[in-house]
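First the structure, in the form of structure tokens, and then the observations on it.
Below, chains carry the letters A, B, ... as their sequence lines are ordered, and counting in each starts from 1.
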Amino acid sequence: MQKSSFLTIVISLLAAMNLQAQESVPEMADAMRSDGKIYVVVLVLATIFAGIIAYLVRIDRKISKIEKNK
Amino acid sequence: MANSRLTTLIYKDLVLEWRQKHTFYGVLLYVGATVFLVYMMSGQPEAKIWNALFWITQLFIAVNSVAKSFLQEHPNRFRYYYTIVKPVHFLLAKMVYSTALMAAVSAIALALFNIMLGAPLVQLGLFIAVTAVGSISLAVIFTFLSAIAARAQNNAALIAILGFPLATPILMILSKLAVKAIVPVYQPGWWKLMLVLLALDILVIILGIILFPFLWQE
Amino acid sequence: MRKSWWKVACVVLVAYSIIGGLLMQVPRQHILNETIRNLYFHVPMWFTMILLFTGAFIYAIKYLRTGRLEYDINSVILTKVGIFFSLLGMVTGMEWARFTWGAAWSNDPKQLGTAICMLIYFAYLILRGGLSDEEKRAKISAVYNIFAFALMIPLIWVLPRMVDSLHPGNGGNPGFNAYDLDARMRAVFYPAVLGWFLLGLWISTLIIRIELIRFRKENDFILNSNK
């Protein structure tokens, strides 16, 4: 009886330590970095941004043209 | 000279109010009906809710009573005033008048709240002081907004739209200040908050003095 | 491409903030985890909004001083683009908060402050919508703009003292203070703010130019018909 209770205490303590060890390093997307998948996300975002900028430049040129025609 | 003009204008507004008693009684009835409605909805609520309901009632009183400071005058009459007084005096007179009106109506609202919704106030004097400051703050802001609304198509609904976003933080400050009179808790920055509120009132008045002449000219 | 160096700067800075913001090292934080990178994308929306509203405020003052309707056009377009950025900031903030703290709306003073800003400027647009006379509309809305902006700034400053915040450095947020001082994050954050502000300015100038063309055209018509 005593032995088993002692065992439970040890196990729970170990479990708590294990939990703490896990918590001390917050999880980040390390896997995505190691297998390079984050670059896909960057590429997608950069493409969208480039598209928007190209569109803005086009509008800008058009307005400049109208301003000159007057 | 300037002072006498100011007092004359304030006197004129008070006399107008006295002669058109029905509008003042209308505001009183509005306050009474609002408090009665709140009572029917909530009975005698706990102190914190009491406080919140009181300040919301104050906001509605301000929208409905102070709003008419400019709206009640016929637009053509402004042209007449324009020829005889300085805009700054006119605005200040309206602000003083609506502060007095607001303070009077607030006092009645406070009394009604104490009678109908229970009396959780521990420090009555303090609460009255906060209510007085609150009346000034709400009155000056809504007077200026009333001037804007009067120039823009005379629309009373516009005042609520323009004023609510500005009044929200001010009501938050006021209810925070008033909590001290209800629950005797230690509040560290109380005086600082009070000074911030008074500084805001002064800012509103200064902005009003600077901006009102632009509204005034046609 | 005359005077377009700042547009180039805008593109470079935002591109840098997208690439650098996703790839560079950030502090490891509990609860936040990778979402800490949202700082580079969500917060610049607020800064852009406030800076655009400040621009609108300055043009409102300029309008009242000179009475030139061009300034009124500048003021209202800057306000509209500012509202656009405030919507983006609000939505991104709610998304971030939903997945980090579990609720999209949590009485946060910065969120409240933005909600108040948005209400003020919606009211500004409604005020303008009700007036058809151009001069009168410009004058009254400029007065309201100056009045509201000058009051809004101190009120937003007071708000955090009224309610607890989830934002960095406020309240009891776990380990959320450290990154304020993190040089690695600053190196991306400040360029991102500047880049997004320039982008907001660019969009505004485009719409302003269109509106000015329309304005001049209408005025020409009036001048010609008077002859």
Side-chain angles (χ1 to χ4, degrees), chain B residues 91 137 140-145 147-155 157-177 179 187-190 192-218, chain C residues 53 57 60-67 72 83 86 107 109-164:
Chain B
L91 179 74
S137 316
V140 288
I141 285 187
F142 279 97
T143 307
F144 189 74
L145 294 176
I148 292 180
R151 296 293 284 122
Q153 80 199 154
N154 257 333
N155 186 349
L158 203 57
I159 294 178
I161 297 169
L162 297 179
F164 275 22
L166 290 173
T168 312
I170 286 184
L171 285 175
M172 284 167 73
I173 296 174
L174 282 169
S175 72
K176 191 112 177 174
L177 287 174
V179 162
Q187 268 188 297
W190 194 86
K192 212 170 146 193
L193 204 57
M194 186 58 132
L195 288 178
V196 167
L197 186 60
L198 290 172
L200 276 172
D201 292 349
I202 293 167
L203 179 65
V204 172
I205 294 169
I206 292 171
L207 282 171
I209 291 171
I210 296 170
L211 293 173
F212 187 66
F214 291 106
L215 275 182
W216 182 264
Q217 57 193 230
E218 297 259 338
Chain C
F53 285 161
F57 170 69
I61 295 175
K62 274 189 170 177
Y63 172 74
L64 283 187
R65 292 174 73 106
T66 60
D72 178 57
I83 288 176
S86 81
N107 214 26
K110 293 193 173 62
Q111 207 171 18
L112 285 177
T114 317
I116 288 170
C117 281
M118 286 165 79
L119 285 177
I120 286 175
Y121 285 98
F122 284 145
Y124 170 83
L125 292 182
I126 287 172
L127 177 68
R128 288 183 68 92
L131 293 160
S132 47
D133 182 63
E134 268 184 352
E135 297 266 346
K136 200 174 169 185
R137 179 175 65 200
K139 190 176 284 173
I140 292 173
S141 63
V143 167
Y144 179 68
N145 191 333
I146 295 168
F147 185 71
F149 185 85
L151 276 182
M152 188 179 81
I153 295 302
L155 286 178
I156 286 174
W157 177 78
V158 167
L159 270 181
R161 284 146 188 82
M162 316 291 313
V163 273
D164 286 328

Considering non-hydrogen atoms only, spot the tightest contact between C:Lys136 and B:Arg151 and give its length.
CE-O, 3.0 Å

Which of B:Leu200, B:Val196, B:Ile210 touches chain C most, by non-hydrogen pairs under 4.5 Å:
B:Leu200

Assess whether side chain to side chain contact (heavy atoms under 4.5 Å, CB included) is satisfied between C:Ile140 and B:Phe214, documenting all intermediate values.
CA-CA 8 Å; C:Ile140 292 173; B:Phe214 291 106; over 6 Å; no

Part of B:Leu158 within contact of chain C (heavy atom distance under 4.5 Å):
side chain

Between OG1 on residue B:Thr168 and CD1 on residue C:Ile120, distance to nearest 0.5 Å
8.5 Å

Heaviest contributor of heavy-atom pairs below 4.5 Å to chain C, chosen from B:Ile148, B:Leu207, B:Leu162, B:Leu211, is B:Leu162

Where on B:Phe144 is there a heavy atom nearer than 4.5 Å to chain C: the side chain, the backbone, both, or neither?
side chain

Tell me, out of C:Leu119, C:Ile126, C:Val143, who's got the most heavy-atom pairs with chain B below 4.5 Å.
C:Val143

How many angstroms lie between atom CG of B:Leu203 and atom CZ of C:Phe147, to the nearest 0.5 angstrom?
8.0 Å

Nearest heavy-atom pair of C:Leu127 and B:Ala152: which atoms, and what distance?
CD1-CB, 4.0 Å

Hey, which of C:Leu131, C:Asp133, C:Leu151 has the most heavy atom pairs under 4.5 Å with chain B?
C:Leu151

